[in-house]
Chemist: 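Next up is a structure, given as structure tokens.
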Amino acid sequence: MEDSLMTVIGFFIAAILMFIVPLMSVSERNDDITQLAVQTTTSEFVEDVASTGVISQSDYDAYIQKLAATGNTYDIEMEVRKLDENFGKKTVAGSGDLIGENSYYSIFTSSIEKDMEADGKYELSKGDIVTVSAKNTNLTIAQLLRNFFYKVSGNDNYQVAASYTSVVVNNGK
């Protein structure tokens, strides 16, 4: 009886080592590759926006399609911090001296998307700061396996995420 119990346990351990461990390893590697692709796509999109000064609807749609090509769904958040240059100006006898610091106000994804739908683009000014982040909303195979074996679960768990920020160098007008 004791030998048959050890045989069953041995088969169970062998099955885990032969099938489950390689599957987890391959799925983790797939998530790493996807992470790199999403980070690269996000940085290219933000750098393009920063160099042109415009977030166009066609570029944004292309960005979303490139992310969708990874096989995951994403929550994309954009923030544009608009430069409100030196709101306290002091002019004395033709002097162009400025007093105060530059300040920024933020515009977020929903407002940017509304402007893009209306005009086909969202124009930026030199000195604005653009931030785009993308987080996967679905569970990847690696997350499913990890949740099954380690009982790690929660709504805020994401495996693939990317964020990139850049300063606009050209006016989009």
Chemist: Less than 4.5 Å apart, side chain to side chain, heavy atoms only: is that true for Val54 and Val49?
Modeler: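 No, side chains not in contact.
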
Chemist: Would Leu83 and Ser125 satisfy side chain to side chain contact (heavy atoms under 4.5 Å, CB included), going step by step from the backbone distance to the final call?
Modeler: CA-CA 8 Å; Leu83 178 61; Ser125 300; over 6 Å; no

Chemist: What heavy-atom pair brings Thr109 and Met78 nearest, and what distance separates the two atoms?
Modeler: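 Closest approach of Thr109 to Met78: OG1-N, 2.5 Å.
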
Chemist: Would you kindly say whether Ser133 and Ser163 are connected by a side-chain donor-acceptor distance under 3.5 Å?
Modeler: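 No, Ser163 and Ser133 have no side-chain donor paired with an acceptor closer than 3.5 Å.
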
Chemist: Output yes when a side-chain donor or acceptor of Gln159 lies under 3.5 Å from a complementary backbone atom of Asp31, and no otherwise.
Modeler: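 No; zero donor-acceptor contacts below 3.5 Å.
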
Chemist: Are any non-hydrogen side-chain atoms of Tyr122 and Ile107 less than 4.5 angstrom apart?
Modeler: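 In contact.
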
Chemist: Would you check if the side chain of Asn72 reaches a backbone N or O of Asn136 as a donor-acceptor pair within less than 3.5 Å?
Modeler: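 The answer is no, because no donor-acceptor pair under 3.5 Å joins these two groups.
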
Chemist: Can you name the closest pair of heavy atoms from Tyr74 and Leu67 and give their distance?
Modeler: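 Residues Tyr74 and Leu67, closest heavy atoms: CE1-O, 3.2 Å.
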
Chemist: If you draw a 6.0 Å radius around CD1 in Ile129, do more than 12 non-hydrogen atoms from other residues or ligands fall strictly inside?
Modeler: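 Correct, the count exceeds 12.
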
Chemist: So do the side chains of Ile55 and Met116 get within less than 4.5 Å of each other, counting heavy atoms only?
Modeler: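 Contact flag for Ile55/Met116 side chains = yes.
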
Chemist: Tell me, do Asn30 and Ile141 make a side-chain contact under 4.5 Å, heavy atoms counted?
Modeler: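 The answer is no, as the side chains (C-beta and beyond) never meet within the 4.5 Å cut-off.
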
Chemist: Indicate whether the side chain of Thr137 and that of Thr73 have a donor and an acceptor atom separated by less than 3.5 Å.
Modeler: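 Their side chains do contain a donor-acceptor pair, which is all the 3.5 Å distance test asks for.
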
Chemist: Ignoring hydrogens and angles, tell me if any N or O in the side chain of Thr41 forms a donor-acceptor pair with the backbone of Val38 under 3.5 Å.
Modeler: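 The answer is no, because no donor-acceptor pair under 3.5 Å joins these two groups.
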
Chemist: Could you tell me which residues satisfy side-chain hydrogen bond (donor to acceptor under 3.5 Å, both in side chains) with Glu47, sequence neighbours excluded, listed by chain and number?
Modeler: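 Only Tyr164, Ser166 meet the side-chain hydrogen bond (donor to acceptor under 3.5 Å, both in side chains) criterion with Glu47.
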
Chemist: When you compare the side chains of Thr140 and Gln143, does any donor N or O come within less than 3.5 Å of an acceptor on the partner?
Modeler: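 Yes, side-chain donor-acceptor contact under 3.5 Å.
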
Chemist: For Ser43 and Gln39, indicate whether the former's side chain and the latter's backbone hold a donor-acceptor pair under 3.5 Å.
Modeler: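 Such a contact is found between Ser43 side chain and Gln39 backbone.
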
Chemist: Do side-chain atoms of Asn170 reach the backbone of Ser51 as a donor and acceptor pair under 3.5 angstrom?
Modeler: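 Yes, the answer is positive, given that a donor and an acceptor are paired below the 3.5 Å cut-off.
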
Chemist: Could you walk me through whether Gln57 and Asp61 pass side chain to side chain donor-acceptor pair (under 3.5 Å), step by step?
Modeler: CA-CA 6 Å; Gln57 185 69 48; Asp61 290 342; 3.0 Å; yes

Chemist: Kindly write out the residues that satisfy salt bridge (charged side-chain N to carboxylate O under 4.0 Å, His left out) with Asp128, not counting sequence neighbours, or none if the list is empty.
Modeler: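 For Asp128 the salt bridge (charged side-chain N to carboxylate O under 4.0 Å, His left out) partners, ignoring immediate neighbours, are Lys82.
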
Chemist: Looking at Arg146 and Glu28, does any basic side-chain N land under 4.0 Å from a carboxylate oxygen?
Modeler: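 Glu28 and Arg146: salt-bridged.
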
Chemist: Please verify the inter-ring angle class for Tyr63 with Phe45; under 30° counts as parallel, over 60° as perpendicular, anything in between as tilted.
Modeler: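 Tyr63 vs Phe45 ring planes: parallel.
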
